[in-house]
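A short write-up of the structure that comes next.
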Number of protein chains: 2
Amino acid sequence: MEGQRRRARQADVARLAGVSQATVSAVVNGRGPETGIPEQTVQRVLEAVRQLGYAANPAARSLRGKRNRLLGVHTFESIFPVDQLDFYHEFLVGIEQQAVADGYDLVLFASTEDLDGRRRIYTDGMNRLALADGSVLLGVEPGSTELARLAAEGYPFVHIGRRTVPGTEISWVGADYASATREVVGRLAALGHRRVAYVTGPDRMEVFLDKEAGYRAGCADAGLPELMYVTSQLDPAWVDAAHAGGVTAVLAENEPLARQLVAALAERGMAAPADMSVVVLVTMTESGWSSLRIPRNEMGRGAVKMLTRILAGSGDPGDQHHLLPCGLPDDHMIGPPRS
Amino acid sequence: MEGQRRRARQADVARLAGVSQATVSAVVNGRGPETGIPEQTVQRVLEAVRQLGYAANPAARSLRGKRNRLLGVHTFESIFPVDQLDFYHEFLVGIEQQAVADGYDLVLFASTEDLDGRRRIYTDGMNRLALADGSVLLGVEPGSTELARLAAEGYPFVHIGRRTVPGTEISWVGADYASATREVVGRLAALGHRRVAYVTGPDRMEVFLDKEAGYRAGCADAGLPELMYVTSQLDPAWVDAAHAGGVTAVLAENEPLARQLVAALAERGMAAPADMSVVVLVTMTESGWSSLRIPRNEMGRGAVKMLTRILAGSGDPGDQHHLLPCGLPDDHMIGPPRS
DNA sequence: ATGAAAGCGCTAACAG
DNA sequence: CTGTTAGCGCTTTCAT
């Protein structure tokens, strides 16, 4: 067994096929006919390629300025975190499907993870993402400086999840929480609910704003009062107060809040949806809640589609946005108000 | 917005800092002290780096360094097939974890998929895998010609799942089905079973042989007769025959067989495990069966570990094998024989 | 129709 | 201690 045979270079192929390196380059890039290289020569080159197991070195290729049909996937945390196993999975499925369709390979940036489990785009001031033609970014990221820098450098990327960084144009695909939330309020109103509360944590992040807006719009549509609660403590006392206030349905921003709510209800001998309809707006996984369905697969596909479009059109401003419809919650924990 | 400002190169930094390019290289690579560059110069360089937003071009770096710290992941089918969503998932998790640990990025080869959903290593005679320093291969692959060729080319790869190709040395990590099967037989014997059948499909693939061997060994250990059934039709008639023959426990090679068996039992008014203990040896997903647990995560991790070892040690023959222990089945469908 | 040669941005010898 | 230089493997004019 010869073992570590050196990787074949273009020059080797050229030598074996008895042609020049330029010819090899033309052939492997499918510019054979275009450049007017005779079919026979093409075949000779391909035979040599086959014999040597030649594959173009992507580093050299992209150094020379051409694309390497590599799309990066960068997550700001471990891509397969143990605790929320399938959060990224569906996104990835969509990303992969579209990559297959568009003939791209995917680079999962794993090397960028530090000891905290955080992944940074820039390490030692270097941008590892630059290895890929463009990248899909996803995950909850606290600081936006990396994003801003990436955009400033003109690196093509699409963020999964609506994202704005002041003074920067960022392309993203997002889920249309606003419309979905609005519709949910409408549905609750149609069921007879007159006082629908909205509960959210004290940590007011950008991504929450559109859900609030949707809630407000929904209330306006149905002529309902806006009952916003910003809290991280949904205890039995809160339930008592809400009950006294005539609240019969609650939109919970996230799953932990909803869990607290259900526990608090239980402590008062109540249950959802009999005594209170409960809708969770964002869940990590598809679970037993009445929750909005995040179109993860579609978002992944959409991100790749947008990215390849950006890569194709060279003059794109890179501030494209695409909102995908959320699935509406099933009736699991939704019912008519207690009369 | 200046927009497409050209990316700063090392030369630009050198010019601004008034030093040579080599100095810049040393500084950005942290070889400053080591090379004995005065602190003041280092600071001057870093300041220039900051001002220009310089980031080293990774393509140039890896071109220079021969390796690009990219590990390939090649599956012979769609990596995220819709019908068996989480079959590859756990392997991938393990692969990613180890890649993070070893500082490698991962390339998911998606571009190689043809219209049938098959993925080939070689397309147009080109080996796309060569893009990565080495690759992990997984999935059920019918033909071994690609594998043989890959090995002949000296491309470093590790196969997940035991694999032998005549005349070729292939490195793999596998699950130790033999030991596990043997232990299962032992456990059944300990429960009092005297006639344990082994049922397998007519398609005798290599991967099945070690389970058979384990079964035989287990029977020998316990002094039980070998009752091998090769069939794809586990109908009620088979159940009658088995019953008449005193069979009280069945090892089913795969899940479809087990399903047939349970259905056939039901048709005769019997159920598992009361009337018949049923163990499935290989399942696609962790389901309600008493089945061997394939150590997918560990196999993924092990494959990457083996691969990086092969890449590190330049003289490796590339025929390393590693067997990982299977988890034993829970008692879901296992019980003592009907007395 | 094919070949020769010049870089892409970086690192590592080797000079100075 | 710092600068000069020679490629890494590829694509792309420009000659032939």
Side-chain angles (χ1 to χ4, degrees), chain A residues 6-45 48-49 52-70 124-131 133 153 155, chain B residues 6-45 48-49 52-70 126-128 130-133:
Chain A
R6 205 199 40 186
R7 230 175 100 158
R9 295 156 306 166
Q10 214 175 56
D12 302 326
V13 178
R15 205 169 310 121
L16 204 163
V19 299
S20 84
Q21 224 189 107
T23 308
V24 177
S25 178
V27 169
V28 299
N29 288 315
R31 286 185 291 104
E34 184 186 321
T35 324
I37 294 174
E39 183 55 24
Q40 205 192 356
T41 310
V42 170
Q43 286 312 323
R44 201 145 29 91
V45 171
V49 164
L52 295 165
Y54 169 78
N57 180 331
R61 256 199 184 158
S62 57
L63 177 55
R64 194 62 186 76
K66 234 197 119 180
R67 302 260 160 89
N68 48 27
R69 294 205 83 73
L70 244 32
D124 297 329
M126 316 213 357
N127 171 10
R128 175 80 178 160
L129 266 54
L131 193 128
D133 295 343
E153 278 176 11
Y155 181 82
Chain B
R6 198 188 44 123
R7 246 179 84 156
R9 295 155 305 164
Q10 215 175 54
D12 301 325
V13 177
R15 206 170 309 122
L16 205 164
V19 298
S20 84
Q21 222 189 107
T23 308
V24 177
S25 176
V27 170
V28 300
N29 288 315
R31 284 186 292 103
E34 183 186 321
T35 326
I37 294 173
E39 185 55 24
Q40 206 193 355
T41 310
V42 171
Q43 288 309 325
R44 200 145 28 90
V45 171
V49 165
L52 294 165
Y54 168 78
N57 180 333
R61 258 198 182 163
S62 52
L63 176 55
R64 190 62 238 256
K66 290 289 212 196
R67 291 225 169 125
N68 44 30
R69 295 206 80 75
L70 242 34
M126 304 236 197
N127 171 12
R128 178 74 178 163
L131 187 145
D133 295 343

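Fair warning: this is a prediction, and the values are worked out from it, not measured in the lab. Throughout, protein chains are lettered first and strands after them, A, B, ... in sequence-line order, and every chain is numbered starting at 1.
- Annotation: the span from A:Gln21 atom CD to A:Asp12 atom CG amounts to 9.0 Å, rounded to 0.5 Å.
- Of the side-chain N and O atoms in A:Asn57, none sit less than 4.0 angstrom from OP1 or OP2 of D:dC8.
- A heavy-atom distance below 4.5 Å is found between the side chains of B:Leu131 and A:Leu70.
- Whole-Å rounding puts the B:Arg67 CZ to C:dC10 C1' distance at 19 Å.
- One finds a side-chain N or O of B:Thr41 lying less than 4.0 angstrom from the OP1 or OP2 phosphate oxygen of D:dT2.
- A distance of 6.0 Å separates CG in A:Asn57 from CG in B:Leu63, rounded to the nearest 0.5 Å.
- Within 4.0 Å of A:Ser62, counting heavy atoms only, lies no atom of the nucleic acid at all.
- Rounded to an integer number of Å, the gap from B:Arg31 CZ to C:dA12 C1' is 7 Å.
- With contacts defined as side-chain heavy-atom distances shorter than 4.5 Å, the pair B:Val13/B:Gln10 does not qualify.
- Separating the CG atom in A:Asn68 from the CG atom in A:Asp133 is a distance of 4.5 Å, to the nearest 0.5 Å.
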Under 3.5 Å, N/O pairs linking protein and nucleotides 14-16 of chain D:
none

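- For the pair B:Ser62 and B:Arg67, the minimum side-chain heavy-atom distance is 4.5 Å or more.
- The nearest whole Å value for the distance from the CD atom in B:Gln40 to the P atom in D:dC1 is 13 Å.
- Here the P atom of nucleotide D:dG9 and the CZ atom of A:Arg15 are 11 Å apart, to the nearest Å.
- If you check every strand for non-hydrogen atoms under 4.0 Å, B:Leu63 touches a base.
- Distance CD1 (A:Ile37) to C1' (D:dT11): 13 Å, rounded to an integer number of Å.
- Smallest separation of non-hydrogen atoms from B:Ala17 and B:Ala48: CB-CB, 4.0 Å.
- Inter-residue side-chain proximity for B:Arg31 and B:Ser25 is flagged as met; some heavy-atom pair is nearer than 4.5 Å.
- Between the CZ atom of A:Arg9 and the C1' atom of D:dC8 there is a distance of 10 Å, given to the nearest Å.
- Atom CG in A:Leu131 sits about 14 Å away from atom C1' in C:dC10, given to the nearest Å.
- Within residues 17-27 of chain B, the residues having any heavy atom under 4.0 Å from DNA chain D are, by residue number, B:Val19, B:Ser20, B:Ala22, B:Thr23.
- Computed from C1' positions of five pairs at each end, the angle between the two local axes of the helix from C:dA1-D:dT16 to C:dG16-D:dC1 equals 50°, rounded to 10 degrees.
- Contact of the B:Arg61 side chain with the B:Asn29 side chain is registered, since non-hydrogen atoms from C-beta on lie closer than 4.5 Å.
- One interatomic measurement links the two molecules: CD of B:Glu34 to P of C:dT11, which rounds to 13 Å at whole-angstrom precision.
- Under 4.0 angstrom from either OP1 or OP2 of D:dC8 there lies no side-chain N or O belonging to A:Arg64.
- Taking every heavy atom of both residues into account, B:Asn127 and A:Gly53 meet most closely at CB-O, 4.4 Å.
- Residues A:Val19 and A:Arg44 are in side-chain contact: their nearest non-hydrogen atoms beyond the backbone lie under 4.5 Å apart.
- Looking at heavy atoms from C-beta onward, A:Leu129 lies in side-chain contact with A:Tyr155 at the 4.5 angstrom threshold.
- Within the nucleic acid shown, A:Arg61 comes within 4.0 Å of sugar-phosphate atoms alone, with no base atom in reach, counting heavy atoms only.
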